[in-house]
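One structure below.
We're numbering straight along the sequence, starting at 1. Remember, it's 1-based here, ligands and their atoms both numbered in the order they're listed.
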Amino acid sequence: MAPAMTLAVVGSVAFDAVQTPFGERERMLGGSATHFSLAASFYTGVRIVGVVGDDFGPAEVAVLEARGVDTEDLERVAGRTFFWRGRYDYDVNVAHTLDTQLNVFAEFQPKPSPASRDAETLFLGNIQPGLQAAVRRECTGATLAGIDSMKLWIDTQREALLEAIATVDAVLLNDAEVRSLTREPNTVVAARKLSDLGPRFVVVKRGEYGAALFSEHGFFAIPGYPLETVVDPTGAGDSFAGGFFGYLDGHGQDLSDGSLRRAMAVGSVMASFNVEGFGTERVAALTEAEIRERFQAFRAMMNVAELELDADLR
Ligand code: AMP
């Protein structure tokens, strides 16, 4: 058996209030590191590095620990937990931020413990780019590091974000973010520009339409799993990232073409579960049998038979 691997993730841990065309919730567990951790926990050992306030209770910690996520580095400080309020209209690919209260997150200085610094895989979730770069420097055990970000940092700290990207192996951003970060309308060219900064591969997330991978093996694209019930897209991107990196870490960081393609499919499957419920509720209650079943259905969906040149191309 391969030795057990560990994945450390740094990012936001939050309470979210969300309105979608299908319902609303006033306060639910959220945050980029939370969604990432839960998705990744199906594939490998996860350590979450984040900060919460004194309103973050045992019930919230229990959601993470029930999935085996190690919360030793979930720092607790006096004050309130980061709070985000968002709304989605019928185009669920676009989140409208209504309110952001940084609270204890404003002074967040990630302090990864020795065990997190030794983790083989590191994911720098959505926080200030300067902090992402500092965590990358500190986590010297990581032989595979990925990064995510958001419009806020692209607009306000572009240079710092480009510097942070230069320190990692993989970039995961959505298509609009990739375009605005590189100031390049064509995502193929934009992805190449990001690779030129240093990363070995770039994943461009495309919301419900899936995701594309640009790597040394070439191009690969995967659809989103077609769902009839979409309840709340909050955290879909982080669940994709959690499935993707969780799979890679759990499989000895195999970066072959086949392994990266499987990681993309796992990311897409985990994101599809995430949007079927509010906040973390669907992924937190997920079973391995449900994942296997959806993965098989997804695989079958993408199977295209070879063209018979003489018969089919007329
Ligand atoms: P996504 O995967 O892009 O849907 O990410 C959703 C999560 O991002 C939510 O659970 C929010 O708590 C979190 N979030 C929203 N705004 C910020 C921010 N400025 N910094 C860090 N996390 C945020």
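- Although no hydrogens or angles enter the test, the distance criterion places no donor-acceptor pair under 3.5 Å between the side chain of D148 and the main chain of N126.
- A donor-acceptor pair under 3.5 Å links the side-chain atoms of Q132 to the main chain of L124, judged by distance alone.
- Looking at atom 19 (N) of ligand 1, its nearest protein heavy atom turns out to be M150 SD, 3.5 Å.
- In this structure, R262 forms no cation-pi arrangement with Y247, as its terminal cationic atom is not both closer than 6.0 Å to the ring centre and no more than 45° off the ring axis.
- Taking the six-membered ring wherever Trp is involved, the centroid distance between the rings of F36 and F123 falls below 6.0 Å.
- Not one N or O of T100 is nearer than 3.5 Å to an N or O of ligand 1, by distance alone.
- Applying the 4.0 Å criterion to heavy atoms of T234 picks out, from ligand 1, the atoms 4 (O), 6 (C), 9 (C), 10 (O).
- Protein heavy atom in closest approach to atom 17 (C) of ligand 1: F82 CZ, 3.5 Å.
- If you number the atoms of ligand 1 from 1 as listed, the ones under 4.0 Å from a heavy atom of G237 come out as 2 (O).
- Less than 4.0 angstrom separates some heavy atom of G30 from each of these atoms of ligand 1: 10 (O).
- Contacts with ligand 1 closer than 4.0 Å are made by heavy atoms of both the backbone and the side chain of N126.
- Proximity to S12 (heavy-atom distance under 4.0 Å) selects the following atoms of ligand 1: 13 (C), 21 (C), 22 (N), 23 (C).
- Checking D99, T81, D238, D148 against atom 7 (C) of ligand 1, the nearest heavy atom belongs to D238.
- Between F240 and F244, the two ring planes are parallel [angle under 30°; tilted spans 30° to 60°].
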Item to complete: Determine, stepwise, if the pair F201 / F214 fulfils ring-ring contact (aromatic ring centres under 6.0 Å, His included).
Response: CA-CA 6 Å; F201 53 95; F214 300 84; over 10 Å; no
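- Seen from the ring of F273, R294 counts as a face-on cation partner, given the 6.0 Å and 45° thresholds.
- Looking only at distances, no side-chain donor or acceptor of S259 sits under 3.5 Å from a matching main-chain atom of S256.
- Using a 4.0 Å cut-off between charged nitrogen and carboxylate oxygen, R179 and E184 do not count as a salt-bridge pair.
- Looking at T81, its side chain does come within 3.5 Å of a backbone N or O of G53 through a donor-acceptor pair.
- Shortest contact from atom 16 (N) of ligand 1 to any protein heavy atom: W84 CD1, 3.5 Å.
- Close N/O approach between Y88 and ligand 1 is not found [any backbone or side-chain N/O within under 3.5 Å].
- The protein non-hydrogen atom at the shortest distance from atom 8 (O) of ligand 1 is S32 N, 4.2 Å.
- Heavy atoms of S239 found under 4.0 angstrom from ligand 1: none, in either backbone or side chain.
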Fill in: Worked check of side chain to side chain contact (heavy atoms under 4.5 Å, CB included) between V92 and V275
CA-CA 10 Å; V92 291; V275 305; over 6 Å; no
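- Checking only distances, G235 does come within under 3.5 Å of ligand 1, N or O to N or O.
- Given atom 11 (C) of ligand 1, the protein heavy atom at minimum distance is D16 OD1, 3.5 Å.
- Interface of H35 with ligand 1, defined as ligand atoms under 4.0 Å from a residue heavy atom, comprises 10 (O).
- Residue F105 has no nitrogen or oxygen atom sitting less than 3.5 Å from a nitrogen or oxygen atom of ligand 1, judged on distance alone.
- A side-chain donor-acceptor contact under 3.5 Å links T20 to the backbone of F22.
- The shortest N/O to N/O separation between G31 and ligand 1 falls below 3.5 Å.
- The ligand atoms of ligand 1 that sit less than 4.0 angstrom from a heavy atom of A14 are 12 (O).
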